**Student:** 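Quick one: this structure, given as structure tokens, is what I'll be asking you about.
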Amino acid sequence: MNLAEIETFLTIVNTKSITRTADLLFLSQPTVSHRLNSLENELGFPLVIRNKGHKQVELTPKGMDFVVLAERWMSLWKETLTLQHNQERMLLTIGCTDSLNIAVFAPLYDEILQSHSHLDLDIESHHSNELYDLLSEHKFDIGFVYQHLHYKNIIAEQIFEEKLYLVQSEHPVIPRAKVHTDELDSSMELFLSWDDNFQIWHDRWLSSVTRPHISADTITLLDRLWKKDENWMIAPESVIQELSHYRSLYVSELVNTPPNRVCYKIRHRYPKVSNKLAVEYFEHELERFLEKRHLHIPVGVVWHS
């Protein structure tokens, strides 16, 4: 079993075609078939179903099981090349939602970079469901999401949860510590879907009335577009804390309380061996960071942190 055979098999899995695989790898079709046959002979079982007249290649049950092993084999090979070319520095790749990167983990990233000069960070922002797919393909080492989805090779662990509040400008339309959504003007809402549970709650209490004034997928954009005193939004504690750095806010609790937003750490069941030390260091620093993280959101007053 060699790199060429594994690469050919995985390309067949993706293209479902011997012809397309040959084109992508700049090989002849007989060469592709020879590599596949050689791999099957070495393994002792067929990987694909050979049916004449079928345009798409289908995998056998054992072929489908072998995909996971082949991906791990390819991943280890790439890690070996990385070790050969970069033996002094460590790289940690992190996948995260935008609001978590900006409002929660930016200070942690800064602390780590300041205290560990040999660690490089590659940080990407994606939606929660995208992060599960990317992690399953070993596109990053560790991730943070707001959904607990069941993936065969992904381990999810809850690390914290936070309450959501009503946020108004320093000149609030409803200057009270407790407000019901029925009192809010939905045409002035600034909306970001924090997670699926919040979306369901929002659909029940607000979306049936009218659509939000502005919908966005990043907190930075919502802050830039917040121009009117009448604007309001419903946001989690970490986001409110972040916004308070840039503007004065009036925060109220909601009588019809939204569900708390839960954050999960996700990692692959079979992590990259080459990044083991970087992941262990990051998880240690993450635990310390969360232990000392305490947010206080003043309710019923205008404040600016």
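Here the structure is a predicted model, which is why all the values come from computation and not from measurement. The first residue in the sequence is number 1, and the count goes up from there.
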**Student:** Classify the angle between the aromatic ring planes of His268 and His138 as parallel (below 30°), tilted (30 to 60°) or perpendicular (above 60°).
**Tutor:**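 If you compare the ring of His268 with that of His138, the planes turn out parallel.
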
**Student:** Looking at Lys163 and Glu253, is there a salt bridge between them, counting it only when a charged N and a carboxylate O are closer than 4.0 Å?
**Tutor:**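 Here Glu253 pairs with Lys163 in a salt bridge, since their nearest N and O are under 4.0 Å apart.
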
**Student:** Please report the interatomic distance CD(Glu71) to CD1(Ile6), rounded to the nearest 0.5 Å.
**Tutor:** 10.5 Å

**Student:** Assess whether side chain to side chain donor-acceptor pair (under 3.5 Å) is satisfied between Glu189 and His202, documenting all intermediate values.
**Tutor:** CA-CA 12 Å; Glu189 181 183 11; His202 189 275; 2.8 Å; yes

**Student:** Would you please say whether a donor-acceptor pair under 3.5 Å links the side chains of Gln199 and Asp203?
**Tutor:** yes

**Student:** Could you pull out the closest heavy-atom pair between Glu40 and Val48, with the gap in Å?
**Tutor:** OE2-N, 3.4 Å

**Student:** Which pairs with one or both residues in residues 103-115 pass side chain to side chain donor-acceptor pair (under 3.5 Å), sequence neighbours excluded?
**Tutor:**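 Sorted result for residues 103-115: Asn101-Tyr109, Glu111-Lys292, Ser115-Tyr281.
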
**Student:** Given a cutoff of under 4.5 Å between side-chain heavy atoms of I, L, V, M, F, W and Y, with clusters grown through shared members, what are the other residues clustered with Ile155?
**Tutor:** none

**Student:** Near Lys16 NZ, under 6.0 Å, is it more than 12 heavy atoms from other residues, nucleotides or ligands?
**Tutor:**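 It does not: Lys16 NZ has 12 such atoms or fewer within range.
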
**Student:** For Ile214, enumerate each residue passing the side chain to side chain contact (heavy atoms under 4.5 Å, CB included) test, keeping only those at least two apart in sequence or located in another chain.
**Tutor:**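 Ile214: side chain to side chain contact (heavy atoms under 4.5 Å, CB included) contacts with Leu190, Leu222, Leu225.
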
**Student:** Could you check whether the rings of Trp73 and Trp77 sit parallel, tilted or perpendicular, using 30° and 60° as the cut-offs?
**Tutor:** parallel

**Student:** If you group Ile, Leu, Val, Met, Phe, Trp and Tyr whenever their side-chain heavy atoms sit less than 4.5 Å apart, what else falls in with Tyr264?
**Tutor:**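 Result for Tyr264 is Leu131, Tyr132, Leu134, Leu135, Phe140, Val145, Leu149, Tyr151, Ile154, Val262, Ile266.
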
**Student:** Within the supplied structure, the quantity of interest is the number of heavy atoms (other residues, nucleotides, ligands) at a distance under 6.0 Å from His148 NE2; does it exceed 12?
**Tutor:**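 Yes.
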
**Student:** With distance as the sole criterion, is a donor-acceptor pair present between the side chains of Arg20 and Thr15 under 3.5 Å?
**Tutor:**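 Looking only at side-chain atoms, Thr15 and Arg20 do not form any donor-acceptor pair under 3.5 Å.
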
**Student:** Please tell me whether Asp196 and Gln147 have a donor and an acceptor in their side chains that are separated by less than 3.5 angstrom.
**Tutor:**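 Distance-only check passes for Asp196 and Gln147.
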
**Student:** Classify the ring geometry of Phe160 against Phe105: parallel below 30°, tilted from 30° to 60°, perpendicular beyond 60°.
**Tutor:**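 The arrangement is perpendicular - the two ring planes meet at more than 60°.
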
**Student:** For the residue pair Leu119 and Ala278, what are the closest heavy atoms and their distance?
**Tutor:**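 The answer is CD1-CB, 3.9 Å.
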
**Student:** Hydrogens and angles aside, do Thr11 and Thr8 bring a side-chain donor and acceptor to less than 3.5 Å of each other?
**Tutor:** no

**Student:** Which residue pairs pass the side chain to side chain donor-acceptor pair (under 3.5 Å) test with at least one member in residues 213-223, sequence neighbours excluded?
**Tutor:**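 Found Asp223-Arg247.
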
**Student:** What's the shortest heavy-atom distance between Glu285 and Leu108, and which atoms?
**Tutor:**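 Scanning both residues, the minimum pair turns out to be O-CD1, 3.8 Å.
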
**Student:** Kindly check if the number of other-residue, nucleotide or ligand heavy atoms within 6.0 Å of CZ (Arg224) is above 12?
**Tutor:** no

**Student:** Please name the pair of heavy atoms, one in Ser252 and one in Val299, separated by the smallest distance, quoted to 0.1 Å.
**Tutor:** CA-CG1, 4.0 Å

**Student:** Donor-acceptor check, side chain of Ser33 to backbone of Pro30, threshold 3.5 angstrom: yes or no?
**Tutor:** no

**Student:** Would you call Lys139-Glu137 a salt bridge at under 4.0 Å N-O?
**Tutor:** yes

**Student:** Can you tell me how far CG of Asn260 sits from CG of Asn197, rounded to the nearest 0.5 angstrom?
**Tutor:**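 The distance works out to 10.0 Å.
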
**Student:** What is the distance from atom CH2 of Trp226 to atom CD of Gln168, rounded to the nearest 0.5 Å?
**Tutor:**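 It comes to 8.0 Å.
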
**Student:** Could you tell me which residues satisfy side chain to side chain contact (heavy atoms under 4.5 Å, CB included) with Ser187, sequence neighbours excluded, listed by chain and number?
**Tutor:** Asp185

**Student:** If two hydrophobic side chains count as joined below 4.5 Å and joins carry through other members, does Leu3 share a cluster with Leu69?
**Tutor:** yes

**Student:** For residues Ile174 and Tyr250, report the shortest heavy-atom separation together with the two atoms involved.
**Tutor:** O-CE2, 4.0 Å

**Student:** Are Phe9 and Phe66 close enough that their ring centres sit under 6.0 Å apart?
**Tutor:**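 Yes: the rings meet the under 6.0 Å criterion.
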
**Student:** Minimum heavy-atom separation for Leu59 and Met64, please, with both atom names.
**Tutor:** CB-CG, 3.7 Å

**Student:** Check whether the ring centres of Trp205 and His180 lie less than 6.0 Å apart, and answer yes or no.
**Tutor:**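 Yes, ring centres under 6.0 Å apart.
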
**Student:** Taking atom types as modelled and ignoring hydrogens, do the side chains of Arg261 and Ser99 form a donor-acceptor contact shorter than 3.5 angstrom?
**Tutor:**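 A pair is found: one side chain offers a donor N or O, the other an acceptor, under 3.5 Å apart.
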
**Student:** How long is the gap from CG on Leu25 to CD on Glu7, to the nearest 0.5 Å?
**Tutor:** 5.5 Å

**Student:** Look up atom CZ in Phe45 and atom CG in Asp65, then write down how far apart they are to the nearest 0.5 Å.
**Tutor:**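 Phe45 atom CZ to Asp65 atom CG measures 8.5 Å (nearest 0.5 Å).
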
**Student:** Near His304 NE2, under 6.0 Å, is it more than 12 heavy atoms from other residues, nucleotides or ligands?
**Tutor:**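 It does: His304 NE2 has more than 12 such atoms within range.
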
